[in-house]
Visitor: 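Sending over a structure as structure tokens; questions will come in a sec.
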Amino acid sequence: MFIGRTEEKKVLHDFFTNNSKKAALVFGKRRVGKTTLIIEASRDFDGIVIFFECGKVSLERNIESFSKAVSSALNISLSSSDFESIFSVLKLLNKKVLVIIDEFQYLKRKTDDYEAESAFKSVIDNLSSNIKIILNGSSVSVMKDTLSYSNPLYGRFDTIINLLEFDYYDSSLFSPELSVRDKISFWAIFGGSPYVLSLVDYSLSLKENIINLILNRNGSIRTYIEYVISSELGGMNYLNDILDALKSSSLRYNEIEDKIKISKTGILARYLDALLDLDVIEKRNPINKEGDKKKRFYTIKDNLLKFYFSYIYSMRGLINTIGEETFYEKNIAQSINTFISYRFEETVRQYFSRQSRKGNISLINIGTYWYDDKIKKTNGEFDCVIENSKKKYSIYEAKFYSSPMTKENVEEEIDKIKQIAEIDVIKYGVVSSSGFIGPKLDDVDYITGEDLFS
């Protein structure tokens with residue numbers, strides 16, 4: 001069953017039906033559902049679909065295999081030593097043809113070699129009106145390089161999709177039967193990879209899934225995480241150190257340097273940029289301090305990796321010694337609600353982003369807000385702030401409580417916001433995963449957990 005990706009399918013449908021569009025680029029980290037999306041969308045293509053997955057072999061071997069794939073799809077005998085010649089044969093057909101080149105990054109012999117890109121530049125430049133081509137790849141850095149000015153493929157793509165993990169809402173479509181709090185909890189731990197979500201057994205509890213799939217050293221998700229770390233990211237020095245440093249909090253650049261004891265030569269910037277490209281971490285500035293490097297923080301974006309480094313990475317030996325069940329009770333049970341509550345703040349920001357895309361609210365920015373009250377000598381950060389118009393804000397407190405919030409709970413949270421004089425707040429709000437009980441304040445926007453999924 002295909003889940004989500006409604007917007008991306010619309011983009012690909014437009015690509016298929018628009019005669020002026022010839023080439024598309026799709027990329028994203030491994031197991032995010034790129035190939036599944038393309039194949040699902042291509043069912044609506046009115047013509048012949050030729051799918052080819054590149055292998056980790058030489059360019060010549062890949063050309064040979066592609067020639068065989070085309071021969072099989074068209075039921076003809078074809079032998080060619082270059083991509084241009086193969087596409088010239090497709091040009092002669094009196095039929096529409098969609099060519100999907102999967103794992104495009106494997107065509108590159110080495111990172112500084114543009115032979116494959118040069119070949120496909122010629123292919124795209126000479127495509128006839130009956131042919132469309134999609135290049136798809138899992139090496140985010142390689143695929144992003146095709147968009148750079150120095151790359152032969154620069155400016156050749158009519159459609160570009162950077163496929164990200166599911167947000168909290170689309171992730172919940174895998175488990176519609178769960179309660180609101182369980183939907184939030186499962187997303188906070190397992191994240192939004194369609195592959196990972198397909199491995200979760202939603203008939204079992206969150207605890208049982210964590211024990212079976214992550215704590216168990218042979219668990220399918222544990223195996224997947226450690227494969228990603230070793231194969232996808234393993235070539236990066238200091239990788240584990242950086243992620244381990246970021247496991248429990250957001251850190252400034254110099255704080256990461258100090259934690260991992262790396263020489264202050266700027267080398268850390270290259271590692272952070274690589275992790276940013278891979279969508280593993282993100283850097284955040286409060287929306288009122290966008291250009292202030294002193295207020296720029298780095299944090300792990302990937303929920304599953306954050307959970308792994310928070311609880312598993314440095315404790316793998318202990319898990320093997322005392323067993324998964326005992327480890328969970330001693331090292332996870334007491335703090336997991338706090339872990340989830342921090343991810344709940346991101347859930348709320350994603351909710352407002354969805355509302356903005358639907359046109360239900362007006363905003364020019366969303367994020368955190370850094371306040372610095374010099375009179376009261378206090379400073380800190382609000383976690384969910386909407387900039388509705390220039391310097392006018394809506395501020396929401398997000399609470400992952402197990403029980404409904406009372407009027408007194410809400411008043412306490414709103415009073416904290418109202419004490420900060422420097423912010424021009426035009427709306428106050430509270431988001432409670434378990435809803436509310438009792439009378440409500442007139443000037444407060446109430447959002448329940450149910451509202452997040454309605």
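Hydrogens, waters and symmetry mates play no part in the numbers below; they use all other heavy atoms, side chains included.
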Visitor: Any salt bridge between R284 and E282, counting N to O under 4.0 Å?
Guide: yes

Visitor: How long is the span from the CG atom in L197 to the CD1 atom in I3, to the nearest 0.5 Å?
Guide: 8.5 Å

Visitor: Hey, mind stepping through Y271 and Y238 against ring-ring contact (aromatic ring centres under 6.0 Å, His included) and telling me if it holds?
Guide: CA-CA 8 Å; Y271 297 135; Y238 294 104; 5.7 Å; yes

Visitor: Angle between ring planes, F120 versus F83, binned at 30° and 60°: parallel, tilted or perpendicular?
Guide: tilted

Visitor: Enter the distance from I395:CD1 to D445:CG here, rounded to the nearest 0.5 Å.
Guide: 13.5 Å

Visitor: Where the side chain of T347 meets the backbone of R343, is there a donor-acceptor pair that is under 3.5 Å apart?
Guide: yes

Visitor: For the pair K22 and D158, find out whether any cationic side-chain nitrogen is under 4.0 Å from an anionic carboxylate oxygen.
Guide: no

Visitor: In this structure, is the centre-to-centre distance between the rings of Y202 and F174 below 6.0 Å?
Guide: no

Visitor: One thing to verify: whether K289 and E381 come together as a salt bridge, which I'm taking to mean a side-chain N less than 4.0 angstrom from a carboxylate O.
Guide: no

Visitor: One pair to check against side chain to side chain contact (heavy atoms under 4.5 Å, CB included): V26 and I160. What are the steps and the verdict?
Guide: CA-CA 6 Å; V26 179; I160 300 170; over 6 Å; no

Visitor: Would you say the side-chain atoms of E103 pair up with the backbone N or O of N136, donor to acceptor, closer than 3.5 Å?
Guide: no

Visitor: side-chain hydrogen bond (donor to acceptor under 3.5 Å, both in side chains), that's the test. Do E290 and N365 meet it? Break it down for me.
Guide: CA-CA 11 Å; E290 292 284 1; N365 206 348; 3.0 Å; yes

Visitor: Calculate, to the nearest 0.5 Å, the distance between atoms CG and CG belonging to L98 and D46 respectively.
Guide: 11.5 Å

Visitor: May I ask you to check whether F45 and F16 place their ring centers less than 6.0 Å from one another?
Guide: yes

Visitor: N285 side chain to D292 main-chain N or O, any donor-acceptor pair under 3.5 Å?
Guide: yes

Visitor: Flag the pair K108 and E115 as a salt bridge only when some basic side-chain nitrogen lies within less than 4.0 angstrom of an acidic carboxylate oxygen.
Guide: no

Visitor: Would a distance-only check, ignoring hydrogens and angles, find a side-chain to backbone donor-acceptor pair under 3.5 Å from R156 to Y154?
Guide: yes

Visitor: For salt bridge (Lys or Arg N to Asp or Glu O under 4.0 Å), just list the numbers for E7 and K10, CA-CA rounded to whole Å, side-chain angles, deciding distance to a tenth of an Å, and then say yes or no.
Guide: CA-CA 5 Å; E7 294 179 13; K10 287 180 180 178; over 6 Å; no

Visitor: Could you measure the distance from the CD atom of E117 to the CG atom of L135? Nearest 0.5 Å is fine.
Guide: 9.5 Å

Visitor: Determine whether more than 12 heavy atoms belonging to other residues, nucleotides or ligands lie under 6.0 Å from atom NZ of K96.
Guide: no

Visitor: Just wondering, are more than 12 heavy atoms of other shown residues or ligands nearer than 6.0 Å to OH in Y342?
Guide: no

Visitor: For a 4.5 angstrom cut-off between non-hydrogen side-chain atoms, does L272 reach I256?
Guide: yes

Visitor: Take a 6.0 Å sphere around CG of N19 and say whether it holds more than 12 heavy atoms from other residues, nucleotides or ligands.
Guide: no

Visitor: Mind checking the CZ-CG spacing from F87 to D82? Nearest 0.5 Å is all I need.
Guide: 11.0 Å

Visitor: Please check if the side chain of T17 supplies one atom and the backbone of H13 the other of a donor-acceptor pair under 3.5 Å.
Guide: yes

Visitor: Would you confirm whether K91, through its side chain, and S128, through its main-chain N or O, come within 3.5 Å as a donor-acceptor pair?
Guide: no

Visitor: How close do S394 and I426 get, heavy atom to heavy atom, and via which atoms?
Guide: OG-CG1, 4.1 Å

Visitor: Flag the pair E40 and R5 as a salt bridge only when some basic side-chain nitrogen lies within less than 4.0 angstrom of an acidic carboxylate oxygen.
Guide: no

Visitor: Parallel, tilted or perpendicular for Y308 and Y313, by the 30°/60° rule?
Guide: tilted

Visitor: Passes salt bridge (Lys or Arg N to Asp or Glu O under 4.0 Å), R217 versus E324? Steps please.
Guide: CA-CA 9 Å; R217 63 180 175 181; E324 295 94 347; over 6 Å; no

Visitor: Does a side-chain N-to-carboxylate-O contact under 4.0 Å join K121 and D125?
Guide: yes

Visitor: Between S148 and D145, what is the shortest heavy-atom contact and its length?
Guide: OG-O, 2.6 Å

Visitor: Is L90 close to V70 at the side-chain level, that is, under 4.5 Å between some pair of heavy atoms?
Guide: yes

Visitor: Write down the atom of N130, the atom of K95, and the distance for their closest heavy-atom approach.
Guide: ND2-O, 2.9 Å

Visitor: When you look at M143 and L25, which way does the side chain to side chain contact (heavy atoms under 4.5 Å, CB included) test go after all the steps?
Guide: CA-CA 8 Å; M143 301 307 286; L25 178 72; 3.3 Å; yes

Visitor: Which of parallel (below 30°), tilted (30 to 60°) and perpendicular (above 60°) describes F352 and Y396?
Guide: tilted

Visitor: Have a look at V32 and tell me which of N162, L163, V140, L37 forms a side-chain contact (heavy atoms from CB on, under 4.5 Å) with it.
Guide: L163

Visitor: Work out which heavy atom in S171 is nearest to a heavy atom in G191; give both atom names and the distance.
Guide: OG-O, 3.7 Å

Visitor: Output all residues satisfying side chain to side chain donor-acceptor pair (under 3.5 Å) with N126, sequence neighbours left out; order by chain, then residue number.
Guide: none

Visitor: Quick one: do K259 and D244 make a salt bridge, cutoff under 4.0 Å?
Guide: no

Visitor: Should we say atom CZ of R316 is surrounded by more than 12 heavy atoms from elsewhere, each under 6.0 Å from it?
Guide: yes

Visitor: Is a donor on one side and an acceptor on the other found under 3.5 Å between the side chain of Y253 and the backbone of A269?
Guide: yes

Visitor: Are there more than 12 heavy atoms of other residues, nucleotides or ligands under 6.0 Å from atom NZ of K68?
Guide: no

Visitor: Restricting to non-hydrogen atoms, name the atom on K34 and the atom on G137 that form the minimum distance, rounded to 0.1 Å.
Guide: CE-O, 3.2 Å

Visitor: Determine, for F400 and R181, whether the Lys NZ or Arg CZ falls below 6.0 Å from the six-membered ring centre while staying within 45 degrees of the axis.
Guide: yes

Visitor: Could you tell me whether the side chain of K283 and the main chain of Y298 form a donor-acceptor pair under 3.5 Å?
Guide: no

Visitor: Kindly indicate, with the supporting measurements, whether the criterion side chain to side chain contact (heavy atoms under 4.5 Å, CB included) is fulfilled by V97 and V99.
Guide: CA-CA 6 Å; V97 180; V99 178; 4.0 Å; yes

Visitor: Counting only N and O atoms by type, is there a donor-acceptor contact under 3.5 Å from the side chain of S250 to the main-chain atoms of F297?
Guide: no

Visitor: Should the pair K183 and F453 be classed as cation-pi, given the thresholds of under 6.0 Å to the six-membered ring centre and 45° from the axis?
Guide: yes

Visitor: Measuring from atom NZ of K9 to atom CZ of R43, what distance do you get when rounded to the nearest 0.5 angstrom?
Guide: 9.0 Å

Visitor: Could you check, using the six-membered ring where one of them is a Trp, whether Y168 and Y351 have ring centers closer than 6.0 angstrom?
Guide: no

Visitor: Mind listing the closest non-hydrogen atom pair of F339 and A188 along with its distance?
Guide: CE2-O, 3.5 Å

Visitor: Answer yes or no: is there an ion pair linking E255 with R252, defined by an N-O contact shorter than 4.0 Å?
Guide: yes

Visitor: I'd like to know if the side chain of S389 reaches the main chain of K392, judged simply by a donor and an acceptor atom lying under 3.5 Å from each other, with no hydrogens or angles considered.
Guide: no

Visitor: For I210 and Y311: C-alpha separation, side-chain torsions, deciding distance, then whether side chain to side chain contact (heavy atoms under 4.5 Å, CB included) applies.
Guide: CA-CA 11 Å; I210 290 173; Y311 291 106; over 6 Å; no

Visitor: Are any of the side-chain heavy atoms of I184 and S433 separated by less than 4.5 Å?
Guide: yes

